[in-house]
Amino acid sequence: MSDFKPKSDFLRTLIERGYIHQCSDYAGLDEKAVSGDLVAYIGFDCTAASLHVGSLVQIMMLHWLQKSGGKPVPLMGGGTTRVGDPSGRDESRKILTLDDIENNKNGIKSVFSKFLKFGDGKHDALMIDNAEWLTTLNYIEFLRDVGRHFSVNRMLSMDSVKMRLDRDQELSFLEFNYMCLQAYDFVELNKRYGITLQMGGSDQWGNIVTGIDLGRRMGTPQLYALTSPLLTTSSGAKMGKTAQGAVWLNADMLPVYDYWQYWRNTEDRDVGRFLKLFTTLPLDEIERLEQLGGAEINDAKKILATEATALIHGREAAEQAELTARKTFEEGVTATSLPTVEIAAVEVAAGLGILSAFVKAGLVASTSEARRQIKAGGLRVNDEAASDERANLGADLFVHDGAVKLSLGKKKHILLKQV
RNA sequence: GGGGGAAUGUCCCGAGCGGCAAAGGGGGCGGACUGUAAAUCCGCUGGCUAUGCCUUCGCAGGUUCGAGUCCUGCUUCCCCCA
């Protein structure tokens, strides 16, 4: 791959910025991209009400595709989510209800409009749900038309299946069918929308290639596969998971400020890589930022945080988050734009214990944990270390525009506001 | 169908002579050091109206002053024989 010289903007950008793990046919795909009618899709499961940072690489690939003259298609897995992808799972997924799936789908949809331009034009993005064709499939017909092209022998040798079998873990027939449906999606999308490229995370390689294979047998034009590397931080942790939970992309599930903070706390070694993947800054600018060493690298992290946040939440909100962080960390001032939790004034008047205040703010899970944190010196009220677990938060402490600043550790701050 | 083994702290792995809120690790959180980084070191890692009370070792019973530990039945998983 390193010696491949792409002619298309699309492949060049993806290669330069580090999005590519594997591609089924660089030269062929390059030709297709140059011709200007490359339509590509990425499937997204509807297993949660929002996508998280782990899906961001995929979304960015669609973004670059559109920027370089292709047509991006985010595919909602409204149909396949009813089955459940066993890839990378060593346990069966729990089966979601149709209502859940529908809700999740609606939550996920909203994020794409931030990255893609939708419409009816040739290069406008198109949102499709595979429920469109999967839910009306007739079993017998499907088996005759599609099922006969699948070799169980080969399916058994696929990593996702083999892993389960090797470990003697249950793999239901339902899940076993997932790859057939995903392969069929690819073929159906080609017929309906002229899609010739499927992208995805590296764990999707097997599923995607199976689709290409099915396409060949069912008479589609040549299809292509392109996968992105599985992202981990330099210390080996999976991207997008923190103790509080996933780093969600929807603002109603994770405050913009927290999203900004997530990127601000990037490890030194990851800054360059993440700037390329998660911002649209030009490469020469990124190269300059990568050169920064020592404490100066913090400037690069701030740029990363603001740029990455601006892409999804808008520049204004991103700069607001940056400002809030600067006040909080560098100037030691309490910014009223910190994430806020509301509490009824009567509760404060009735005597609000410090322990339950931290629980209400969501900084700790239980009063017992709050007690422990006080012993460890981890809790602060208006920047003063809390030492008395029996203390009450009187109304006189709510000095920041009717709110009191509660902190856990050095980084997590919440304003508890009387209403 | 027969024989043997397993299930432990609601993140995971895992020890546990009848006295157990239950060893140890990973992960996570907090503290120290720093640069809101990494590495390192230290502490914490069931709940509550808290010198006490409540709930936890697959499920349901039983023996016992006392059961994660012993007995019976059940469920699920694994291994061997058929």
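Residue numbers begin at 1 in each chain, while the letters A, B, ... track the order of the sequences. Nothing here was measured: the structure is a model prediction, and the numbers come from that model.
Remark: the backbone N or O of A:Gly77 is not paired with any side-chain donor or acceptor of A:Asp45 at under 3.5 angstrom.
In this structure, A:Asp299 places its CG atom 13 Å from C1' of B:A37, rounding to the nearest Å. Distance, A:Phe274 CZ to B:A38 P: 12 Å, rounded to whole Å. In this structure, A:His413 places its NE2 atom 11 Å from P of B:U36, rounding to the nearest Å. If you measure from atom CD of A:Glu331 to atom C1' of B:U36, you get 15 Å, rounded to the nearest angstrom. Rounded to whole Å, atom P of B:G43 lies 16 Å from atom NZ of A:Lys375.
One P atom belongs to B:C42, the other to B:G26, and the distance between them is 11 Å to the nearest Å.
Toward the 5' end of RNA chain B, the nearer of the two residues A:Ala365 and A:Asn298, judged by each one's closest nucleotide, is A:Asn298. In this structure, A:Ala325 and A:Glu389 both approach RNA chain B, and ranking their closest nucleotides by distance from the 5' end singles out A:Ala325.
In terms of the salt bridge (Lys or Arg N to Asp or Glu O under 4.0 Å) criterion, residue partners of A:Glu331 (sequence neighbours excluded) are, by chain and number, A:Arg326.
If you run side chain to side chain donor-acceptor pair (under 3.5 Å) between A:Ser50 and each of A:Asn104, A:Asn250, A:Asp252, only A:Asn250 comes through. Looking at A:Leu281, A:Ile303, A:Val271, A:Leu304 one by one, the single match for side-chain contact (heavy atoms from CB on, under 4.5 Å) with A:Ile286 turns out to be A:Leu281.
For A:Arg390 and B:U49, the shortest distance from a side-chain N or O to OP1 or OP2 is not below 4.0 Å. Contact check, A:Ser366 against B:C48: a side-chain N or O comes under 4.0 Å of OP1 or OP2. Listed pair A:Ser368 / B:C48 meets the phosphate criterion, a side-chain N or O lying under 4.0 Å from OP1 or OP2. Residue A:Thr367 has a polar side-chain atom (N or O) positioned under 4.0 Å from OP1 or OP2 of B:U49.
In this structure the side chain of A:Met60 never reaches within 4.5 angstrom of the side chain of A:Leu277, judged on heavy atoms.
Between A:Leu29 and A:Leu11, the shortest heavy-atom contact is CD2-CD2, 4.1 Å.
Among the protein residues, A:Lys301 comes within range of the nucleic acid bases, having at least one heavy atom under 4.0 Å from a base atom. Base engagement by A:Gln261 is indicated by at least one non-hydrogen atom pair under 4.0 Å involving a base atom. Across all strands, A:Thr328 comes closer than 4.0 Å to no nucleic acid atom at all (heavy-atom distances). Backbone-only contact: A:Arg372 has heavy atoms under 4.0 Å from sugar-phosphate atoms and none from a base.
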N/O-N/O pairs, protein side and nucleotides 30-34 of chain B side, under 3.5 Å:
residue: B:G30; atom: OP1; partner: A:Lys412; partner atom: NZ; Å: 2.8
residue: B:G30; atom: O4'; partner: A:Gln373; partner atom: OE1; Å: 3.2
residue: B:G30; atom: O2'; partner: A:Ala376; partner atom: O; Å: 3.3
residue: B:A32; atom: OP2; partner: A:Lys410; partner atom: NZ; Å: 2.5

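Under 3.5 Å, the side chain of A:Glu369 and the base of B:U45 form no donor-acceptor pair of N or O atoms. Below the 3.5 angstrom threshold, one finds a donor paired with an acceptor across the side chain of A:Arg371 and the base of B:A50.
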Using residues 380-387 of chain A as the side-chain source, report each donor-acceptor pair under 3.5 Å to any protein atom, sequence neighbours left out, with the distance given to one decimal.
residue: A:Arg380; atom: NH2; partner: A:Gly409; partner atom: O; Å: 2.4
residue: A:Asn382; atom: OD1; partner: A:His400; partner atom: NE2; Å: 3.4
residue: A:Asn382; atom: OD1; partner: A:Lys405; partner atom: N; Å: 2.9
residue: A:Asn382; atom: ND2; partner: A:Leu397; partner atom: O; Å: 2.9
residue: A:Asp383; atom: OD1; partner: A:Lys405; partner atom: NZ; Å: 3.0
residue: A:Asp383; atom: OD2; partner: A:Lys405; partner atom: NZ; Å: 3.4

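Electrostatic pairing of A:Lys105 and A:Glu102 counts as a salt bridge here, judged by a charged N lying under 4.0 Å from a carboxylate O.
Base orientation at B:C79 is anti, since its O4'-C1' glycosidic dihedral falls outside 90° of 0.
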